[in-house]
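Because only heavy atoms are used, hydrogens play no part in the values below, and waters and symmetry mates are left out as well, while side chains stay in.
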Amino acid sequence: MLKSIVLILALTMDSFMVSFTYGASRTKMSVSAIIIMNLVMSALLGVAILTGNYLTVFLPGKFTGTASFLLLFLIGLYRIRSGFQSRKETVTGDNMSHLGIWEATGLSAILSLDNIAVGVGTGLVEEQFPVLVIGSFFMGVLMMKVGWRIGKHSRILFKQDLSWLGGVCLILLAVSTLR
């Protein structure tokens, strides 16, 4: 269960950072946009986990564990690298813009790309499919709401991307898959 919680936190860290950025740039995220984004991301995660589960029927156990480790570890490294390479931006102005439904849907598909790979890797070794999918939906909604509020109120204080923390979580999860 602890692995599932860590994985959910890692998967939703990007959602937090994106919504933090929108809050800092004073771009309003409607509840419907947040729900649609998390429905898309959770559904794609579910399909990826089922794909990983399906692959375990055809692949030997040692291979699936190694593949899971490699996918989670490499995506974790990528997230850490991209988090540290992100540029700091200063946001000015008080005008509030809005994130549209279509933009939110497209953004959720982009945010899901690494979640799909993580889902396949997780499906190779993880048995808690409903917990991961439902948990990622609700935690994603929560992370987006909290991230947007924090970003809105602290856009001057924090000018760094913390998405690398999701990468650290994925690497820890990858190490935990080694038996």
Taking side-chain contact (heavy atoms from CB on, under 4.5 Å) as the test, write out the residues that go with Val146, two or more places apart. Phe16, Leu142, Ile150
Note: Asn38 and Gly140 closest approach over all heavy atoms is OD1-CA, 3.1 Å
So do the side chains of Met144 and Val141 get within less than 4.5 Å of each other, counting heavy atoms only? no
Taking the side chain as every heavy atom from C-beta outward, state whether Phe137 and Val133 have any pair of such atoms under 4.5 Å apart. no
Using 0.5 Å steps for rounding, measure from the CZ atom of Arg149 to the CE atom of Met29. 12.0 Å
Between Ile34 and Lys145, the two heavy atoms sitting closest are CD1-CD, 3.5 Å
If you compare all heavy atoms of Ile8 against all heavy atoms of Val131, which two are closest, and at what distance to 0.1 Å? CD1-O, 3.7 Å
Sequence neighbours left out, what passes side chain to side chain donor-acceptor pair (under 3.5 Å) with Ser19? Give chain and number order. none
Can you tell me how far OG1 of Thr12 sits from CE of Met41, rounded to the nearest 0.5 angstrom? 9.0 Å
Using a 3.5 Å distance criterion without hydrogens, assess whether the side chain of Ser30 forms a donor-acceptor pair with backbone atoms of Ala33. yes
Can you name the one residue among Ile49, Thr51, Leu45, Leu50 that meets side-chain contact (heavy atoms from CB on, under 4.5 Å) with Val47? Thr51
